[in-house]
Amino acid sequence: MLVLFGTETPIPTPTMTVDPNSVTPGPAGFLVIVLVVIAVVLLIWDMNRRVRRVRYREEVREELDAEEAAGRDAKASDAGTAVDEDETGGAASGKDDPER
């Protein structure tokens with residue numbers, strides 16, 4: 001039985017059946033790769049520009065919202081002061097009123 005397993009059967013080495021020069025990409029493949037790289041660079045550049053624009057718009061929107069909220073707070077405090085003056089007879093606080 002060892003005699004049967006002891007002998008190795010020769011494995012034939014594969015021979016190349018295709019010409020190696022006919023399977024290379026050549027100048028057309030190089031041109032396609034260059035065009036793909038240029039397209040990817042342009043897409044990344046455009047994406048960065050759009051993301052930056054969105055971020056700046058959000059910052060401006062936050063500033064405008066803060067200014068609007070400050071304006072509303074100022075109006076509310078002005079309206080509150082006007083109510084205080086009416087209730088106290090023209091004085092906004094007890095410091096200005098000599099009767100207090």
Side-chain angles (χ1 to χ4, degrees):
M1 184 129 168
L2 289 174
V3 174
L4 292 175
F5 291 116
T7 61
E8 294 183 25
T9 57
I11 300 174
T13 57
T15 58
M16 192 172 285
T17 58
V18 179
D19 181 25
N21 293 330
S22 66
V23 293
T24 61
F30 178 74
L31 181 64
V32 168
I33 296 298
V34 168
L35 290 176
V36 167
V37 168
I38 290 172
V40 166
V41 167
L42 290 175
L43 285 171
I44 290 172
W45 185 26
D46 183 56
M47 181 192 64
N48 282 333
R49 191 183 73 207
R50 290 176 187 268
V51 168
R52 192 177 312 122
R53 187 180 306 154
V54 167
R55 187 177 55 216
Y56 290 152
R57 284 182 181 171
E58 182 62 29
E59 288 175 5
V60 169
R61 187 175 299 125
E62 287 175 1
E63 289 176 10
L64 290 175
D65 289 343
E67 288 176 7
E68 187 176 299
R72 276 187 269 135
D73 290 345
K75 285 183 182 179
S77 66
D78 289 344
T81 304
V83 170
D84 289 342
E85 288 178 3
D86 290 341
E87 290 176 357
T88 60
S93 67
K95 294 178 186 175
D96 295 332
D97 193 7
E99 295 178 8
R100 286 187 180 203

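Heavy atoms only: backbone and side chains are in, while hydrogens, waters and symmetry mates are out.
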Next on the checklist: Tell me whether Arg57 at atom CZ has more than 12 heavy atoms from other residues, nucleotides or ligands lying less than 6.0 Å away.
Outcome noted: no
Checklist entry - Roughly how far apart are Leu64 CG and Glu59 CD, rounded to 0.5 Å? => result 12.0 Å
Item to check | Residue pair Val54 / Arg50, side-chain heavy-atom distance below 4.5 Å | outcome: no
Next on the checklist: Starting from Val32, can I reach Leu43 by hopping between I/L/V/M/F/W/Y residues whose side chains sit under 4.5 Å apart?
Outcome noted: no
Next on the checklist: Quick check on the hydrophobic clustering: are Trp45 and Val37 connected, directly or via other members, by side-chain heavy-atom contacts under 4.5 Å?
Outcome noted: no
Checklist entry - What distance do Arg52 atom CZ and Met47 atom CE have between them, rounded to the nearest 0.5 Å? => result 10.5 Å
Next on the checklist: Assigning hydrophobic clusters by single linkage (Ile, Leu, Val, Met, Phe, Trp, Tyr; side-chain heavy-atom cutoff under 4.5 Å), is Phe30 placed with Ile38?
Outcome noted: yes
Item to check | Arg61 bridged to Glu58 by N-O distance under 4.0 Å | outcome: yes
